[in-house]
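Report on the structure given below.
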Amino acid sequence: MADRFEQRWNDYSAEHHHIWRTLFHRQEQILANRACPEFIAGVAGLGVAADGIPDFRRLDEVLYAATRWTIAAVPGLVPDDVFFEHLANRRFPATCFIRSAAQLDYLQEPDVFHDIFGHVPMLMNPVFGDYMQAYGQGGLKALHLGSLERLARLYWYTVEFGLVATPRGPRIYGSGIVSSKGESVYCLESPTPNRLLFDLPRVMRTRYRIDSFQQSYFLIESFEKLFAATQPDFTPYYEATRQLPDIEPDEVLAGDVVLQRGNA
Ligand code: PHE
Ligand code: CO
């Protein structure tokens with residue numbers, strides 16, 4: 001591909017790398033007892049991520065050796081079909097720009113810190129890597145079936161904002177949480193949001209907010225269980241949920257397994 005977008009790592013300034021390091025060290029502290037062991041192992045395994053904004057070519061060597069994933073540099077949000085096509089081929093689309101010093105705590109669009117620090121450590125895990133590829137394949141199918149909104153909610157409440165049970169209590173694996181200073185504490189420790197046991201058709205019906213911390217988080221029991229739950233053909237789920245109303249982000253239903261009922 002002659003017109004392939006590239007990271008241009010040499011164009012980053014000292015200030016850009018400084019912002020990365022600030023974010024990295026801050027999250028490393030916060031996440032020590034909050035992120036799941038798979039995420040922590042992924043960060044350690046990547047190694048190259050502590051010094052500054054990583055060169056995607058160096059990350060690729062480590063990542064490909066671990067799980068045969070690579071990173072595809074993209075200029076920003078890409079169309080759905082392009083996004084799914086990348087995932088289905090074990091390429092993670094990552095933005096290259098880094099947030100400004102004024103946006104350290106929160107920004108709404110993904111930057112290189114969110115995409116790389118947030119997502120790539122989990123791609124070092126074989127089960128999660130397979131889940132992401134299956135998601136890409138499922139995305140291409142959902143596009144044809146007109147069920148993208150349902151499938152996107154699964155991504156949101158797992159890949160971006162998921163919690164996983166561990167012997168030491170709930171831990172974070174969602175990329176949107178691990179890359180956010182405030183939300184990595186809030187999602188586990190605040191009495192405000194609901195924490196509910198993951199249920200696939202339920203999650204598919206649940207709307208979400210992109211402009212504030214989440215009002216509900218879904219806990220999976222393990223990555224193996226998440227992967228197993230998402231193996232069946234989703235076509236019947238899409239059909240079944242089409243008749244049912246959406247669920248609001250803060251709603252708790254009679255059938256939910258509630259770990260914490262939020263007080264919002
Ligand atoms: N089994 C899903 C389908 O039929 C594919 C998928 C796998 C979707 C994993 C999401 C996550 O669409
Ligand atoms: Co993301």
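Remember, it's a predicted structure, so these values are computed and weren't measured experimentally. Just follow the structure's listing: the first ligand is 1, and inside any ligand the first atom is 1.
For the pair K141 and ligand 1, a heavy-atom separation below 4.0 Å is found.
The atom name of the N/O/S atom in E160 closest to the Co ion (ligand 2) is OE2.
The residue among Y238, Y237, F227, Y131 with a heavy atom at the shortest distance from atom 11 (C) of ligand 1 is Y131.
On a distance-only criterion, P232 and ligand 1 share at least one N/O pair closer than 3.5 Å. At least one N or O atom of F234, backbone or side chain, sits closer than 3.5 Å to an N or O atom of ligand 1.
Taking the centre of each ring, F223 and Y173 come in below the 6.0 Å mark.
Distance alone, capped at 3.5 Å, is enough to place a donor-acceptor pair between the R153 side chain and the M204 backbone. Remark: the backbone N or O of C187 is paired with a side-chain donor or acceptor of R195 at under 3.5 angstrom. Between the side chain of R99 and the backbone N or O of L104, at least one donor-acceptor pair lies under 3.5 Å.
Close approach of ligand 1 to D233 is summarised as follows: ligand atoms under 4.0 Å from at least one heavy atom of the residue are 4 (O). Close contacts of ligand 1 with Q231, meaning ligand atoms under 4.0 Å from a residue heavy atom, involve 1 (N). Taking every non-hydrogen atom of G138 and a distance limit under 4.0 Å, the qualifying atoms of ligand 1 come out as 5 (C), 12 (O).
Residue contacts with ligand 1 for Q137 are absent, since no atom lies close enough (heavy atoms, distance under 4.0 Å). With a heavy-atom cut-off of 4.0 Å, L154 touches ligand 1 through its side chain alone.
Between R202 and T206, the side chains place a donor N or O and an acceptor N or O closer than 3.5 Å (distance only, hydrogens not considered).
Here R90 pairs with D130 in a salt bridge; the nearest charged N to carboxylate O distance falls below 4.0 Å.
T230 O, 3.2 Å is the protein heavy atom nearest to atom 7 (C) of ligand 1. In terms of protein heavy-atom proximity, atom 10 (C) of ligand 1 is nearest to Y135 CD1, 3.5 Å.
Shown here is R261, whose CZ atom has no more than 12 heavy atoms of other residues, nucleotides or ligands within 6.0 Å. Atom OH of Y106 has more than 12 neighbouring heavy atoms from other residues, nucleotides or ligands inside a 6.0 Å radius.
In the hydrophobic clustering, I30 connects to V185, either directly or through intervening members, whenever side-chain heavy atoms lie under 4.5 Å apart.
With the Co ion (ligand 2) as vertex, H114 NE2 and H119 NE2 subtend 90°, rounded to 10°.
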